[in-house]
2 protein chains.
Amino acid sequence: MSVKERKERERADRERLIVATARELAEQQGWDAVTTRRLAERIEYSQPVLYSHFRGKREIIGAVALEGAAEMAVALRAATSAADGPRARVAALARAYLDFAEHNPAVYDALFQLDGGLAYAREDTPEQLKDAFAALLECLAEVAGDGVHPGLFTEVFWAALHGLATLTRAGRLLPEDAESRVELLVDRLAVI
Amino acid sequence: MSVKERKERERADRERLIVATARELAEQQGWDAVTTRRLAERIEYSQPVLYSHFRGKREIIGAVALEGAAEMAVALRAATSAADGPRARVAALARAYLDFAEHNPAVYDALFQLDGGLAYAREDTPEQLKDAFAALLECLAEVAGDGVHPGLFTEVFWAALHGLATLTRAGRLLPEDAESRVELLVDRLAVI
DNA sequence: GATTCGATCCTAGCATCGCTAGACAATCGA
DNA sequence: TCGATTGTCTAGCGATGCTAGGATCGAATC
C-alpha cells in the first residue's frame with residue numbers, strides 16, 4: 001500500500017509544482033509566455049504530463065486563481081484586523097486589495113480577467129472564492145449604511161476597487177493619484 | 001488625378017470594411033474567433049491585404065476601439081441631455097454606460113480589456129478616447145462636490161462603472177441586481 | 001530470478017494561429 | 001508597345017494548444 005501512497009504523494013507534489021511554476025512564469029513574463037511547452041520544460045517533464053493533471057491550460061489558470069484567492073483573503077483580513085475604527089478598516093481593506101492586485105498581477109488576472117473555467121456567484125463556486133468575497137463582506141458590512149443590503153454594498157465597493165485596479169494596471173489611469181482615488185472612494189461609499 | 005482619387009477612395013472603403021467586419025465577427029463569436037484568416041475570407045481578400053492596412057491584429061482591435069469610443073460618447077451625451085436635474089443625469093449616464101457595455105461587448109473589450117496598441121491618459125491619446133472621457137466629465141463635474149477635482153471624481157466614478165460592467169459580463173456579478181447597484185453607486189458617489 | 005502486465009511517460013504530429021517572403025498579374029507612364 | 005510600378009495572392013515560417021500511439025519502467029506473479 002505504501003508504494004501507492006508514495007506515488008500519489010509524488011503526483012500531488014508534481015501538481016503543486018505545475019501550478020507554482022505557471023504562476024511564477026506568469027508573474028515574470030505575463031500569461032502569454034505561459035505556453036504548455038515552456039511550462040513543461042520548466043518542470044522538466046514533457047507536455048502531455050500537464051494534461052494528465054489538468055484538462056488544459058484553462059484549468060491551470062483556474063488552479064492559480066484559487067491559490068491566489070486564498071492568499072488574497074489572508075491579506076485582506078490581515079490588513080483590516082490591524083486597523084482601528086470602521087473608517088480606517090475600510091481604507092486599509094481598499095489599499096490591501098489594490099496592493100495585492102499591483103504586486104500579483106498575474107494572479108489577479110487569473111482571478112478576474114482570464115477564463116480559468118471557474119464558477120462565480122453560484123452555489124458550486126469554489127470555497128476559496130467565496131471566502132475571498134467573505135473577507136470583503138466582513139469588513140464592509142459595518143459601513144453599508146442603514147437599509148442597504150451588505151452583499152449588494154460589497155459588490156459595488158468591490159466593483160469600484162476592481163475598476164481602479166484594472167484601469168490603473170492597463171495604463172488607463174495614472175498611478176500618481178491612486179491614493180487620492182482611494183480616499184475619495186472610501187469617504188463617499190462608506191457610511192461611518 | 002481622378003484615377004488616383006478613386007483608388008484612394010476604394011482603399012479607404014476597404015479599410016472601413018475590414019474594421020466593420022472585424023467588429024461584426026467579434027460581436028457574433030467573440031474576439032477569439034476574429035482570426036486573420038477568417039477576417040480575410042469574410043472581406044473576400046487574402047490575408048496579406050489586412051497587413052497593407054494595419055500593422056497587425058492589434059491595430060485592427062485599436063481601430064474598432066476608436067470607432068466604439070466615438071459611439072459611446074454619442075450615447076452618453078444623448079442619455080444625459082435627455083434627463084432633468086443632476087441626480088437624474090448621473091443616473092442616466094451610468095445606465096447608458098452599462099447599457100453600452102452590455103450591448104457592445106466586443107467593442108467594450110476592444111476599448112478597455114484588450115490591447116489595441118492605443119495610448120491612454122497621455123497627450124498623444126486619440127481624440128475619440130479623450131472625447132469619451134470628456135462626455136463622462138461633462139456630466140460628472142457638477143456632482144463632484146466642493147473641493148474635489150472633477151477629473152479625479154470622474155476617474156473614480158468611471159472605475160466603478162467599469163468594474164460593474166466587466167464583473168457582470170464575466171459572470172462575477174449576477175445581472176439581476178444591476179439596477180440596485182447603479183442606484184447605490186449614484187446615491188453615494190454623487191453630491192447633489 | 002525470470003516473466004508478465006499495467007501504469008507512466010515521451011516522441012511525433014495535427015490543426016490553427018499571426019505574420020511575411022516572393023511570385024505573379026494588372027495597370028500606368030513613356 | 002514596352003519597362004516599371006503597384007497591387008494581390010500562394011505558399012510557408014515558427015509558434016500555439018492539444019492528442020494519438022508506441023516505448024519504457026516498475027510491481028506483482030510464477
Side-chain angles (χ1 to χ4, degrees), chain A residues 1-19 21-23 25-26 28-65 106 109-110 114-117, chain B residues 1-19 21-23 25-26 28-65 106 109-110 113-118:
Chain A
M1 263 305 159
S2 99
V3 171
K4 192 179 173 187
E5 284 172 10
R6 193 203 69 219
K7 292 213 168 186
E8 282 174 4
R9 203 170 52 237
E10 288 174 352
R11 206 182 142 72
D13 284 344
R14 195 172 61 181
E15 188 157 316
R16 273 189 292 273
L17 177 64
I18 292 173
V19 176
T21 306
R23 176 175 176 172
L25 192 51
Q28 285 172 355
Q29 311 180 35
W31 277 106
D32 280 349
V34 183
T35 68
T36 54
R37 279 171 179 75
R38 248 193 292 262
L39 187 50
E41 192 187 7
R42 284 226 183 177
I43 64 169
E44 295 179 315
Y45 280 94
S46 71
Q47 268 182 296
V49 165
L50 300 175
Y51 293 87
S52 74
H53 287 271
F54 301 95
R55 223 178 265 273
K57 191 182 171 180
R58 207 162 78 148
E59 269 196 6
I60 297 177
I61 295 174
V64 172
D109 280 345
L114 303 175
D115 179 12
Chain B
M1 264 307 157
S2 97
V3 171
K4 192 179 172 188
E5 283 172 11
R6 192 203 70 220
K7 292 213 166 187
E8 282 175 4
R9 202 169 53 238
E10 287 174 352
R11 203 181 144 73
D13 283 345
R14 195 172 60 182
E15 188 157 317
R16 274 189 291 275
L17 177 63
I18 292 172
V19 177
T21 306
R23 175 176 176 170
L25 193 49
Q28 285 173 354
Q29 310 180 35
W31 276 107
D32 280 349
V34 183
T35 68
T36 55
R37 281 172 177 78
R38 248 192 292 260
L39 187 50
E41 192 187 8
R42 282 226 185 176
I43 64 168
E44 295 179 317
Y45 281 95
S46 70
Q47 265 183 300
V49 165
L50 300 175
Y51 292 86
S52 74
H53 287 271
F54 301 95
R55 221 179 267 272
K57 190 182 171 181
R58 207 163 76 149
E59 269 197 6
I60 298 177
I61 295 174
V64 172
D109 280 345
Q113 301 270 69
L114 303 175
D115 179 13
L118 301 175

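Labels below follow one simple rule: chain letters A, B, ... track the order of the sequence lines, proteins then strands, and each chain is numbered from 1. These numbers come from a predicted model, not from an experiment. Because only heavy atoms are used, hydrogens play no part in the values below, and waters and symmetry mates are left out as well, while side chains stay in.
In this view, A:E10 and A:R6 satisfy the side-chain hydrogen bond (donor to acceptor under 3.5 Å, both in side chains) rule, not counting sequence neighbours.
Taking atom CD on A:E8 and atom C1' on D:dA27, their separation rounds to 16 Å, with Å as the unit. Atom pair A:Y45:OH and D:dC25:P shows a separation of 14 Å (rounding to whole Å applied). Across the protein-nucleic acid pair, A:E41 atom CD and D:dG17 atom P stand 13 Å apart, rounded to whole Å. One interatomic measurement links the two molecules: CG of A:L50 to C1' of C:dC10, which rounds to 13 Å at whole-angstrom precision. The interatomic distance linking A:K7 (NZ) with D:dA28 (P) rounds to 9 Å, in whole Å. Rounded to an integer number of Å, the gap from CZ of A:R14 to C1' of C:dT8 is 8 Å. Between A:W31 atom CH2 and D:dT16 atom P there is a gap of 15 Å when expressed in whole angstrom units. Going from atom CG of A:L39 over to atom P of C:dC10 covers 13 Å, rounded to whole Å.
Atom CZ of A:R14 and atom CG of A:L50 lie 9.0 Å apart (nearest 0.5 Å).
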**Q.** side chain to side chain contact (heavy atoms under 4.5 Å, CB included) assessment of A:R58 paired with A:I61
**A.** CA-CA 5 Å; A:R58 207 162 78 148; A:I61 295 174; 5.6 Å; no
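Looking at B:H53 and B:R11, their side chains come closer than 4.5 Å, going by heavy atoms from C-beta outward.
Residue B:R11 is out of contact with every strand shown, counting any heavy-atom pair closer than 4.0 Å.
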Q: Scan nucleotides 16-23 of chain C nucleotide by nucleotide, 5' to 3', and note B when protein non-hydrogen atoms come under 4.0 Å of the base, S if they reach only the sugar-phosphate, - if neither.
A: -BBBBB--
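A side chain to side chain donor-acceptor pair (under 3.5 Å) check over residues 30-40 of chain A, counting only residues at least two apart or in different chains, returns the pairs A:T36-A:Q47.
The two residues A:Y51 and A:G56 have their closest heavy-atom pair at CE2-CA, 3.8 Å.
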